Amino acid sequence: MFKMYETELAGRKLTIETGKIAELANGSVMVRYGETVVMVNVTSAKEPKEGIDFFPLSVDYEEKLYSVGKIPGGFTKREGKPADKAILTSRAIDRPLRPLFPKDFRNDTCVVATVLSVEPDNSPEVCAMIGASAALSISDIPFGGPTAAVAVGYVDDQIIINPTLAQREKSRLTLTVAGTLEKITMIEAGADEISNEIMLEAIKQAHVEIKKICNFITDIKNEIGKPKFEYKSFSTDPEVYAEIKENFENRMYQDVQAIDKTVRDANVEKITEDITAYFVEKYGEEVAEEKKTDISDSIHDLEKACVRKMILEEHKRPDGRAIDEIRPLSCEVGVLPRVHGSAIFTRGQTQVMSIVTLGMKSEEQMLDGLDEEDAKRYMHQYNFPSYSVGEARPSRGPGRREVGHGALAEKALVPVIPSEDEFPYAIRVVSEVLSSNGSTSQASICGSTLALMDAGVPIKKPVAGISTGLVTDKNDPSRYIMLTDIQGIEDFFGDMDFKVGGTKDGITAIQVDIKIDGLTYDIIKEAFERTKVARDHILDDVMLPVINQPREDISKYAPKIMTTVIRTDKIKDVIGPSGKMINKIIDATGVKIDISDDGKVFVYGTDTTSCQKAMDMILDVSKVIEAGNIYTGKVSRIMNFGAFVDLGGGNEGLLHISKISSKRVEKVEDVLNVGDEVTVKVSEIDDQGRINLNMKDLEAHSQE
């Protein structure tokens, strides 16, 4: 039965419709926010997926170009693999939902958000996040929601919920917050050096709206929600766990305290072998094989319990650090000889190498998505090869994790990248993870800052990144320990990964992964304070002593660049018919040339001389002749009544015989010859565009 529910969000009508479409899905809603429309369908398999130890949730945010009246490019003229923006939105939808499913649930579950119509003022991403929560809440899929989400901007010192397009263009903050009635479950932000205090207040104001939407979804669920279906539980056999704990807890507690990740992994591998052998010896191979999954899960649970107990009760960390202590740090720049900029940043056993490449304006990334943005001049990419964690797996290209970490580092650095007018290059940074033991995304922020300065990119301020973790008491959530600079095991067994990038003056990026039901304001505030202290230490004591400002000159291997601006009506003259003129300039000088629609001209070459030669040719072709100005030209033709002078740019003027000199000139040839260089004044440009020149006035002027 068709139902429509209506509420208000940020002063605009929000409706959720259900019961009309996709009736075979477990749950289906259509979210309308202004003229933005997003359909969300959720399904779950009837039977669990065997042989896995995690919840198989997939979230797909599908951008349809028809939603903004575009036809896809390419030969097939249909949407292909999702754009990075769609992948990032899928991750943002996933993060607040995943912790709210039962821990022992193993049924394949899919959330598909399809963007059907987009009004620029109303975010389809927010609609998708609200729609996913609503569809799951009214479905029969076990889910502990609802959640809700809003976008937040900061315009003219005011916090704005769900800013419009015009407000987003002026905003110093791009923040997405998700939460439940009680807590914050997801934070994703890019910011222009926003203070801790303003960021926390923005999150609090977002939560006010989130609570309203959660209540709205709860009312819908109470009216039409289906009973949740029963599922096969994959919780660990308590008897197996109890036996392993009784016999191996003390050993596990010691084994996980190895400082070196390789040693710790070897310890856990050895105790796993011994526990398996214990069950084979005591119960026989057949019983041990039957209990294989329970044994494996119990070992995992025991390791997790030991790590959490050590941190929560003894304030000890697996590698012996204090709870607010950062791992040993080091960095170096200029590590590769022929690239435009490079650096290596090391934090404990996490190591990232970042490489900068400077290119032409035309080499910026072209975007084909739903946003108004159609190009990206600064590109940051992140690679996570299997050798970085000691595994032997072939590379399959970047996955969602790589896209997400690259985007986070990009957000952190965009606010300090110089404008196109200041530094007219396309900039690509690639972060290669060499070794991974936690917080590689934050190491890539630090390494990339160093590499940009090494490349001579005049960034406004250096940026550093750090993450904090959390271990809470499941019996008393108000009791917790926060950890600065979490390593892999603390991330894996902990309750959050709170990543913050920024300068000494403010936050530029946030990404928070949460494994519990949410965070309180006090936890968020403490995370901001901890990361600020850590960022300042990394910048002042580690990064800036190595390189404290961008190099004055770019690499000799980077393209040299010159810029100018010509009148837009002269662009066609510089390009010429079928590109003949611009190709002539390129062939004569060996440079590359970009011309923007607004008349900006960029000349790239391997040396300054060739760039200058090309620039002179461009300025000559684009020269604008105006009456009263003085020009230098060459005599192109001689007639009995005067001479024609080539002024450049296809402009030719007539120098009448009476205007050549104050003295009487009988024949033009007595004074001028074809090819002579002369200085002339434009005395008149008539209605038909004919140019009349004068040398006599200049002669009189020089005599004075």
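Owing to the predicted nature of the structure, the values given are computational and were not obtained by experimental measurement.
- Side-chain contact, Y61 with R91: no donor N or O sits under 3.5 Å from an acceptor N or O.
- Side-chain contact check for N162 and Y33: at least one donor-acceptor pair (N or O, by modelled atom type) lies under 3.5 Å.
- In this structure, a donor-acceptor pair under 3.5 Å is absent between the side chains of T36 and E119.
- Summarising the geometry of L655 relative to M695, their closest heavy-atom pair is CD2-SD, 3.2 Å, with the distance given to 0.1 Å.
- Taking every heavy atom of both residues into account, M543 and A464 meet most closely at SD-CB, 4.1 Å.
- At least one side-chain heavy atom of E420 sits under 4.5 Å from a side-chain heavy atom of K600.
- For the pair G599 and T568, the tightest heavy-atom approach, listed with the atom from each and the gap, is N-CG2, 4.2 Å.
- Classified by interplanar angle (parallel below 30°, tilted 30° to 60°, perpendicular above 60°), the ring pair Y604/F602 is parallel.
- Counted within 6.0 Å of CD on E35, heavy atoms from surrounding residues, nucleotides or ligands total 12 or fewer; the atom is thus considered open.
- The shortest heavy-atom contact between M581 and V621 is SD-CG2, 3.8 Å.
- The aromatic rings of F384 and Y382 lie parallel to each other, with less than 30° between the two planes, well short of the 60° mark.
- G605 approaches V591 most closely through the heavy-atom pair CA-CG1, 4.3 Å.
- Side chain of N583 to backbone of G579: a donor-acceptor contact under 3.5 angstrom is found.
- Atom NZ in K570 sits 13.0 Å away from atom CD1 in I595 (nearest 0.5 Å).
- Crowding of K623 atom NZ: a count of heavy atoms from other residues, nucleotides or ligands under 6.0 Å exceeding 12.
- A donor and an acceptor atom, one from each side chain of E125 and T176, are nowhere located under 3.5 Å apart.
- For the side-chain contact (heavy atoms from CB on, under 4.5 Å) with F345, the qualifying choice from C331, S444, S431, S354 is C331, the only one to do so.
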